[in-house]
Amino acid sequence: MQCEVTPPPFAITLRAEYLAVRDSLVELAGFALRRGYGAAFSADFQIIMGEVLNNIVEHAYAGEPGDIVVTLTPHAKGIAVHLSDWGRPMASGILPAGHMPQVYPAEVFDQPEGGFGWAIIRSMARDLVYRHEVGCNILTFSVPIMVE
Amino acid sequence: MTLESCIMAGRFVVSVRAPRIDAASAIEFKEAIRTLTDGGHGPVMLDLGEVGFLDSSGLGALVAVRKFLGPDRPLELARLTPPVDRVLRLTRMDSIFPIHIGLPTETLSDQRHAM
């Protein structure tokens with residue numbers, strides 16, 4: 001990883017639309033690569049960022065137009081992420097536990113199709129914190145290097 | 001979502017000519033596979049060699065396709081790129097879909113080695 005004195009944060013604003021999320025993920029993964037985090041971390045980073053951003057599109061904005069602001073702060077052990085949106089607050093104000101859904105190889109026709117998003121987020125993020133204040137949802141977390 | 005299909009060594013192989021199966025394209029992907037495989041018989045092998053990104057929406061679409069095909073038509077995956085393989089292993093969905101390193105040939109049966 002590159003050694004720098006206080007690397008500047010990286011911020012983007014995107015429309016809350018799935019195609020805009022897709023474009024932003026390419027940009028965010030590219031940022032991680034340029035900062036020297038490596039291909040494996042950058043691929044994981046793209047996965048978790050996709051899950052949290054798509055959640056905002058689907059649940060916070062639920063089809064309504066709006067913006068999402070993403071701020072990334074690199075640090076020695078990974079990347080700190082700060083997300084802001086102005087959509088609906090999260091129901092109950094508590095983040096989903098995100099247990100990885102049970103997989104049923106023998107009973108694939110009972111296999112749920114959803115529930116993997118939060119499980120993926122929980123497996124890759126640390127220090128996940130959500131708050132809602134003055135009409136704004138704020139989600140912060142860190143994506144550490146060497147995530148299993 | 002462009003799909004190409006052919007028969008290889010008796011298997012119906014569907015190659016996905018799209019770089020991403022994600023929230024923006026998962027529904028389109030699911031419908032395109034359904035249209036292509038509807039009324040057919042036998043196992044379906046999805047060649048995902050060009051797909052560099054698959055998210056939870058894409059996973060859900062794979063499960064939906066599997067259910068649509070029914071108990072007599074297994075859905076197998078081939079030529080997974082590392083990010084797609086990563087998501088399938090992370091969610092343990094690699095235990096639902098047989099995974100092949102390559103496409104079927106007349107003489108080889110490509111098996112993914114157990115991790």
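Residue numbers start from 1 in every chain, and the chains themselves are labelled A, B, ... in the order their sequence lines are given, proteins ahead of strands. Since this is a predicted model, take the numbers as computed values, not measurements.
Between B:Ser95 and A:Val103, the closest heavy-atom pair is OG-CG1, 3.3 Å. Across all non-hydrogen atoms, the minimal contact from A:Ser123 to A:Ile120 is OG-O, 2.8 Å.
B:Glu76 contributes no side-chain N or O that, together with a main-chain N or O of B:Pro98, makes up a donor-acceptor pair within less than 3.5 Å. Side chain of A:Lys77 to backbone of A:Val143: no donor-acceptor contact under 3.5 angstrom is found.
The contact between B:Phe53 and chain A is made entirely by side chain atoms (from C-beta outward), counting heavy-atom distances below 4.5 Å. With a 4.5 angstrom heavy-atom cutoff, A:Glu51 touches chain B only via side-chain atoms. For B:Pro82, no part lies under 4.5 angstrom from a heavy atom of chain A. Interface residue A:Gln46: backbone and side-chain heavy atoms are both found under 4.5 Å from chain B.
Options A:Arg22, A:Met100, A:Gln102, A:Glu58 differ in how many heavy-atom pairs under 4.5 Å they form with chain B, and the most are formed by A:Arg22. Per-residue heavy-atom pair counts under 4.5 Å with chain A were compared for B:Ser25, B:Ser57, B:Gly70, and the maximum is reached by B:Gly70. Contact count against chain B (heavy-atom pairs under 4.5 Å) is highest for A:Ile47 among A:Val21, A:Leu19, A:Ile47.
Between B:Asp22 and A:Tyr18, the side chains place no donor N or O within less than 3.5 Å of an acceptor N or O (distance only, hydrogens not considered).
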